[in-house]
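Just below is one structure, and these are the notes that go with it.
All values below were derived from every heavy atom in this structure, side-chain atoms included, with hydrogens, water molecules and symmetry-related copies excluded. Model, not experiment: these values are computed from the prediction. Proteins get letters first, then strands, A, B, ... in listed order; numbering begins at 1 in each.
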Number of protein chains: 2
Amino acid sequence: MLDTVTMTSETEHPGVAATVEPAHTSEGRAALAEFPLFKGASAATLDVILRHANLRRCVADEEILSRDEQAGDVYFVLRGEVRIVNYSASGREVAYAIIPAGGYFGELSAIDGRPRSANVLAVEDCLLATLTPAAFKELLALDSEIAARVMQKLVRIIRSADDRILDLATLSAYQRVYVEVLRMKKPDPVRPNSWLIYPLPTQAQIAALASTTRETVARVLSQLSHDHIAERKSKTLYIRDLARLQALAAKSQPDGKMN
Amino acid sequence: MLDTVTMTSETEHPGVAATVEPAHTSEGRAALAEFPLFKGASAATLDVILRHANLRRCVADEEILSRDEQAGDVYFVLRGEVRIVNYSASGREVAYAIIPAGGYFGELSAIDGRPRSANVLAVEDCLLATLTPAAFKELLALDSEIAARVMQKLVRIIRSADDRILDLATLSAYQRVYVEVLRMKKPDPVRPNSWLIYPLPTQAQIAALASTTRETVARVLSQLSHDHIAERKSKTLYIRDLARLQALAAKSQPDGKMN
DNA sequence: TTTTGAATGTGATTTACGTCACATATTGTT
DNA sequence: AACAATATGTGACGTAAATCACATTCAAAA
């Protein structure tokens with residue numbers, strides 16, 4: 001499944017795989033100063049960050065960190081995109097989130113010192129900055145604005161996890177796929193008032209997000225296409241009838257029983 | 001489903017239902033100073049708390065706060081127990097957590113200012129202390145130890161929510177009940193090395209936690225009893241064979257497919 | 001181009017478990 | 001003790017969706 005990592009791209013030292021390097025390069029400085037979490041930070045704060053941060057590059061599909069590992073580094077995604085996933089005992093993949101450039105992960109272990117709760121995979125080639133737990137905590141103590149932002153992000157994670165639990169507990173598999181499609185939609189960059197998904201993840205990846213099977217996702221997509229609600233053209237899915245899709249996602253099963 | 005609340009118990013002013021009162025009573029002072037989150041706090045911190053806190057009493061099954069409400073008070077459970085739940089469009093109840101005395105809730109809205117994400121019900125008669133969002137934020141800014149504890153609690157919530165998502169996505173309904181039973185077990189106060197659940201929640205409540213139906217919970221409990229793994233005697237469930245129960249909870253469906 | 005491995009589409013079959021329908025048991029109340 | 005009112009136990013049944021099994025299409029190398 002995972003490619004054996006070949007360290008060719010973006011590595012200047014042949015032979016030694018230089019995956020970790022200090023962030024004191026012009027590239028690192030610029031990227032970190034502009035990073036959303038640190039936007040508007042004082043010079044002192046930025047100094048702490050730049051002094052402690054390291055850069056790490058990784059290639060598509062590389063496993064950046066894995067569950068149960070006893071490490072607490074916080075990772076900032078400067079370029080690329082990562083997926084946070086877990087595997088069931090039987091090997092089924094469950095995806096928690098996709099973090100694009102500008103996001104960060106790994107803060108849970110940094111905050112409570114416990115092992116990693118999930119695996120993180122690079123969706124594509126990535127440039128990451130890392131901070132040790134000690135440095136991250138220093139940062140939180142030093143800059144209350146950043147501490148507040150981190151806390152807000154934790155709250156956002158809880159809210160979305162709670163939503164997900166509600167979805168898993170109460171929606172049908174089809175509905176969960178509808179919901180996932182709705183979550184992934186972005187405004188069409190050319191046509192206004194129109195929505196699309198690009199690039200469309202593989203059906204297996206969508207299935208992992210919606211906690212169902214690849215086949216079910218295929219059936220849902222076929223049905224949507226047949227009903228002219230969404231249309232797939234190679235790597236993009238055009239949403240033709242948003243209202244109808246939302247209706248499908250929301251329609252409550254004729255249940256009515258209040259227990 | 002919910003009893004219409006009759007304000008008889010613990011109310012001294014007949015007529016007016018005095019649900020909110022300042023915490024400046026000896027009862028309030030003692031309870032708050034001993035409260036886990038505030039344990040070891042400085043006099044200044046405690047002063048802020050006591051000055052801003054109010055007490056609120058509520059009776060069993062009362063709805064303490066409800067989803068989508070635009071309010072951000074934080075609640076501290078001084079006595080009693082509350083359940084955090086949500087309802088699906090079709091009315092099915094999904095329980096997130098049961099918070100005993102010493103716990104708190106409502107901090108999400110206080111932190112991010114967004115509406116309530118769930119409903120909170122009193123399991124039994126409760127004594128609660130409340131803090132406005134402003135007071136809570138002041139507290140976080142004033143006392144970094146408390147801020148850190150709150151952050152740790154948020155992380156704990158995320159970890160358990162992620163576990164729950166994994167369970168929902170990968171375990172069978174039976175297994176989810178096993179898992180829930182295992183979660184609720186406590187060491188037997190009299191017999192050492194023995195586990196039990198007391199008081200055993202109703203099957204409907206267990207079903208809400210495990211996201212299944214009451215009937216399924218009944219079947220699981222019957223099966224466990226039949227196999228001498230657990231035995232129910234009125235309000236307590238004795239776990240007779242912990243190892244076997246854990247094995248049942250963990251047994252991976254013969255799936256093996258890695259996708 | 002040809003080849004080879006993923007990714008996708010769709011039928012047929014199976015099954016876990018929700019739903020429905022009661023009977024029985026356990027509570028708490030007059 | 002008698003009575004509701006809740007809570008529990010268990011069969012029968014239907015169905016959503018997982019599983020299995022291919023055919024087909026697409027996309028990346030050789």
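Residues meeting the ring-ring contact (aromatic ring centres under 6.0 Å, His included) test with B:Tyr75, sequence neighbours left out: B:Phe105. Residues meeting the side chain to side chain donor-acceptor pair (under 3.5 Å) test with A:Asp73, sequence neighbours left out: none. Take A:Phe76 and apply the ring-ring contact (aromatic ring centres under 6.0 Å, His included) test, not counting sequence neighbours, and it matches A:Phe35, A:Phe38, A:Tyr104. Judged as a side chain to side chain donor-acceptor pair (under 3.5 Å), and not counting sequence neighbours, the contacts of B:Asp241 are B:Arg244. Not a single salt bridge (charged side-chain N to carboxylate O under 4.0 Å, His left out) links B:Arg116 to another residue, sequence neighbours left out. A:Arg156 is linked by a side chain to side chain donor-acceptor pair (under 3.5 Å) to nothing, counting only residues two or more places apart in sequence or in another chain. Taking the side chain to side chain contact (heavy atoms under 4.5 Å, CB included) definition, one finds that A:Val123 meets it with A:Glu81, A:Arg83, sequence neighbours left out. For B:Ala97, there are no side chain to side chain contact (heavy atoms under 4.5 Å, CB included) partners two or more places apart in sequence or in a different chain.
Comparing A:Ser234 and A:Ser211, the nucleotide of DNA chain D nearest to each residue sits closer to the 5' end for A:Ser211.
In this structure, the CG atom of A:Leu221 is 9 Å from the P atom of C:dT8, given to the nearest Å. For A:His226 and C:dT10, the NE2 to C1' distance is 14 Å, given to the nearest whole Å. The distance between atom CG of B:Leu168 and atom C1' of C:dG18, rounded to the nearest whole Å, is 16 Å. A:Lys233 has its NZ atom 18 Å from the C1' atom of C:dT8, to the nearest Å. One can place CZ of A:Arg92 at 8 Å from C1' of D:dA18, the figure rounded to the nearest angstrom. The interatomic distance linking A:Leu237 (CG) with C:dG9 (P) rounds to 10 Å, in whole Å.
Axis angle, first five pairs versus last five pairs of the helix from C:dT1-D:dA30 to C:dT27-D:dA4: 40°, rounded to 10°.
Scanning all heavy atoms of the two residues, the minimum distance from A:Arg56 to A:Glu62 falls at NH2-OE2, 3.6 Å.
Between D:dA18 and A:Thr212, a contact under 4.0 Å exists linking OP1 or OP2 to a side-chain N or O. For D:dT10, one of the phosphate oxygens OP1 or OP2 lies less than 4.0 angstrom from a side-chain nitrogen or oxygen of B:Ser222. Side-chain nitrogen and oxygen atoms of B:Thr213 include at least one within less than 4.0 Å of the OP1 or OP2 phosphate oxygen of C:dG18.
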Every protein N/O within reach of nucleotides 11-14 of chain C N/O, cut-off under 3.5 Å:
| residue | atom | partner | partner atom | Å |
| --- | --- | --- | --- | --- |
| C:dG11 | N7 | A:Arg219 | NH1 | 3.2 |
| C:dG11 | O6 | A:Arg219 | NH2 | 3.3 |

Between the protein and nucleotides 6-8 of chain D, list every N/O to N/O distance that falls short of 3.5 Å.
| residue | atom | partner | partner atom | Å |
| --- | --- | --- | --- | --- |
| D:dT8 | OP2 | B:Gln203 | N | 2.8 |

Considering only distance and modelled atom types, tabulate donor-acceptor pairs under 3.5 Å from the side chains of residues 226-237 of chain B, sequence neighbours left out.
| residue | atom | partner | partner atom | Å |
| --- | --- | --- | --- | --- |
| B:Asp227 | OD2 | B:Gln223 | NE2 | 3.3 |
| B:Glu231 | OE1 | B:Arg240 | NE | 2.9 |
| B:Glu231 | OE1 | B:Arg240 | NH2 | 3.1 |

Item to complete: For the pair B:Asn86 and B:Asn119, evaluate side-chain contact (heavy atoms from CB on, under 4.5 Å) and give the outcome as yes or no after the intermediate values.
Response: CA-CA 6 Å; B:Asn86 245 320; B:Asn119 311 85; 3.7 Å; yes
